[in-house]
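Right, one structure below, let's go through it.
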Amino acid sequence: MACAERGNNSHEHRRQCFRYSATFSNYSHGVLVPGNSRLLFCSGQLGVAPDRKVPDGCKAQAELCFANIEAVLRQAGMTLANVVRINAFVTARDHMAPYMDVRNALFPAPYPASTLMIVSGFSRPEFVVEIEAIAAGPA
């Protein structure tokens with residue numbers, strides 16, 4: 001089943017997402033990006049605040065990760081509405097639900113394609129989540 005297309009802010013740039021069956025959470029199985037799109041690949045973002053502090057807990061860190069992604073997107077004239085793909089990494093199964101709660105609150109349907117993986121750790125032990133994103137916007 002195909003998801004509805006979503007416009008991008010003041011632009012009429014459209015993408016199409018696909019879901020072939022029920023999903024575990026709010027994500028699309030695939031997202032088709034028009035050929036005339038600009039693509040932005042965001043490096044993995046950690047939950048580090050502008051004052052370089054790292055909060056405790058996955059929810060707070062995930063919120064900062066997405067805030068950091070939003071800052072990168074803004075520099076390219078994009079918003080979270082342009083995100084077509086998310087790769088997220090958490091350090092424990094217990095972090096899955098808080099991460100998904102944050103992601104689901106930020107991304108209404110049609111959802112970006114998304115993968116969530118459990119990893120053994122990051123460069124510093126206080127980090128519990130890292131998020132990468134790919135965004136597509138009008139050329």
Identify the two heavy atoms, one from [X] and one from [Y], that lie closest to each other, and give their separation to 0.1 Å.
{"X": "Cys65", "Y": "Ile131", "answer": "CB-CD1, 3.5 Å"}
{"X": "Thr91", "Y": "Gly121", "answer": "CG2-CA, 3.8 Å"}
{"X": "Lys53", "Y": "Asp51", "answer": "N-OD1, 3.0 Å"}
{"X": "Ala49", "Y": "Leu64", "answer": "N-CD1, 3.8 Å"}
{"X": "Val48", "Y": "Asn68", "answer": "O-ND2, 3.3 Å"}
{"X": "Ala62", "Y": "Val129", "answer": "N-CG1, 3.7 Å"}

Close side-chain approach of [X] and [Y], heavy atoms under 4.5 Å:
{"X": "Met100", "Y": "Asn26", "value": "no"}
{"X": "Asp101", "Y": "Lys59", "value": "no"}
{"X": "Met78", "Y": "Leu40", "value": "yes"}
{"X": "Val72", "Y": "Glu70", "value": "no"}
{"X": "Glu63", "Y": "Leu106", "value": "no"}

From [X] atom [atom1] to [Y] atom [atom2], the distance as rounded to the nearest 0.5 Å:
{"X": "Phe89", "Y": "Glu130", "atom1": "CZ", "atom2": "CD", "value": "6.5 Å"}
{"X": "His95", "Y": "Leu116", "atom1": "NE2", "atom2": "CG", "value": "11.0 Å"}
{"X": "Ile86", "Y": "Tyr27", "atom1": "CD1", "atom2": "OH", "value": "12.5 Å"}
{"X": "Ile69", "Y": "Leu80", "atom1": "CD1", "atom2": "CG", "value": "7.5 Å"}
{"X": "Ser114", "Y": "Tyr99", "atom1": "OG", "atom2": "OH", "value": "4.0 Å"}
{"X": "Ser37", "Y": "Asn82", "atom1": "OG", "atom2": "CG", "value": "9.5 Å"}

Might you work through the side-chain contact (heavy atoms from CB on, under 4.5 Å) test for Val90 and Val119, ending with a clear yes or no?
CA-CA 6 Å; Val90 296; Val119 298; over 6 Å; no
Tell me whether Ile118 is reachable from Leu46 by hopping between hydrophobic residues (I, L, V, M, F, W, Y) whose side-chain heavy atoms are closer than 4.5 Å.
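No.
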Same cluster or not: are Phe122 and Met117 linked, directly or through other Ile, Leu, Val, Met, Phe, Trp or Tyr residues, by side-chain heavy atoms under 4.5 angstrom apart?
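Yes, Phe122 connects to Met117 through the hydrophobic network.
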Are Phe107 and Phe66 an aromatic pair, judged by ring center distance below 6.0 Å?
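Yes; Phe107 has its ring centre under 6.0 Å from that of Phe66.
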Run the numbers on Val83 and Leu73 for side-chain contact (heavy atoms from CB on, under 4.5 Å), then give the verdict.
CA-CA 9 Å; Val83 172; Leu73 292 168; 3.9 Å; yes
Expected output: side-chain [X] to main-chain [Y] donor-acceptor under 3.5 Å:
{"X": "Gln45", "Y": "Ser43", "result": "yes"}
{"X": "Gln61", "Y": "Pro55", "result": "yes"}
{"X": "Arg38", "Y": "Pro138", "result": "yes"}

Arg74-Thr79 side chain donor-acceptor pair, cut-off 3.5 Å
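No pair is found: no donor N or O on one side chain lies under 3.5 Å from an acceptor on the other.
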